[in-house]
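Everything below concerns the one structure shown next.
Residues: numbered from 1 along the sequence shown.
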Amino acid sequence: MARFYLVLTFLGILLPYGALIPWLFTNGVDLPLLLKEAVVNPISVFAWLDVLVSAVALLGFIAVDGGRNKVKYRYLAMLGTVSIGVSCGLPLYLYLKEKQLTPLLSG
């Protein structure tokens, strides 16, 4: 399972940035335009609010579950959630947790 989560982590980085980077090449780092286009219609707002709530929930989950289970490097999953998104943070956290549990399960 750890490999599966690691693949999802890389996809969670590549796919969102694969959409963002061409936009940046076309428009540059124009934050007002980015925000304007991100909330261009109610469906966009719906999607962003869904992602925002999911990210907050994930950060809370990583903080509590990661602390309880002493998951090493859990801060990387939190950083990935804040800087890239849930698509990176969740599979990265699951990967870190799985890697920590795997030696215990096979021994």
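Here the closest non-hydrogen pair linking Leu8 and Pro91 is CB-CB, 3.7 Å. Across all non-hydrogen atoms, the minimal contact from Ala77 to Ile62 is CB-CD1, 3.8 Å. Closest approach of Ser44 to Ala38, counting heavy atoms only: CB-O, 3.0 Å. Residues Ala2 and Lys99 share a closest heavy-atom pair of CB-CD, 3.9 Å. Heavy atoms only, all atoms of each residue included: Gly67 and Arg74 are closest at N-NE, 3.7 Å. Of all heavy-atom pairs between Gly12 and Ser87, the closest is O-OG, 2.9 Å.
Hydrophobic clustering (ILVMFWY, side-chain heavy atoms < 4.5 Å, transitive): Leu96 and Tyr75 are in one cluster. Leu49 and Leu59 fall into different hydrophobic clusters, where Ile, Leu, Val, Met, Phe, Trp and Tyr are joined by side-chain heavy atoms under 4.5 Å apart, directly or via other members. Met1 and Tyr95 fall within a single hydrophobic cluster, where Ile, Leu, Val, Met, Phe, Trp and Tyr are joined by side-chain heavy atoms under 4.5 Å apart, directly or via other members. In this structure, Leu20 is a member of the same hydrophobic cluster as Ile13, with clusters built from ILVMFWY side-chain heavy atoms closer than 4.5 Å. Hydrophobic clustering, with ILVMFWY side chains joined whenever heavy atoms are under 4.5 angstrom apart, groups Ile84 together with Leu34.
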Given ring pair (Phe, Tyr, Trp, His ring centres under 6.0 Å), test Tyr93 with Phe61 step by step and report yes or no.
-> CA-CA 10 Å; Tyr93 178 72; Phe61 174 73; 5.7 Å; yes
Phe10/Leu6 under side chain to side chain contact (heavy atoms under 4.5 Å, CB included): CA gap, chis, key distance, verdict | CA-CA 6 Å; Phe10 285 116; Leu6 192 57; 3.7 Å; yes
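The local environment of CH2 in Trp23 is crowded, with over 12 non-hydrogen atoms from other residues, nucleotides or ligands closer than 6.0 Å.
Considering OH of Tyr73 and CG of Leu92, their distance stands at 12.5 Å, rounded to 0.5 Å. A distance of 14.5 Å separates CG in Leu31 from NZ in Lys36, rounded to the nearest 0.5 Å. For the atom pair Thr81 OG1 and Leu58 CG, the distance stands at 4.0 Å (nearest 0.5 Å).
When each of Val40, Asn41, Val45 is tested with Ile43 by the rule side chain to side chain contact (heavy atoms under 4.5 Å, CB included), just one qualifies, namely Asn41.
Asp65 and Lys97 are joined by a salt bridge, as a carboxylate oxygen and a charged side-chain nitrogen come within less than 4.0 angstrom of each other.
Remark: side-chain polar atoms of Gln100 are paired, donor with acceptor, to backbone N or O of Asn69 under 3.5 angstrom.
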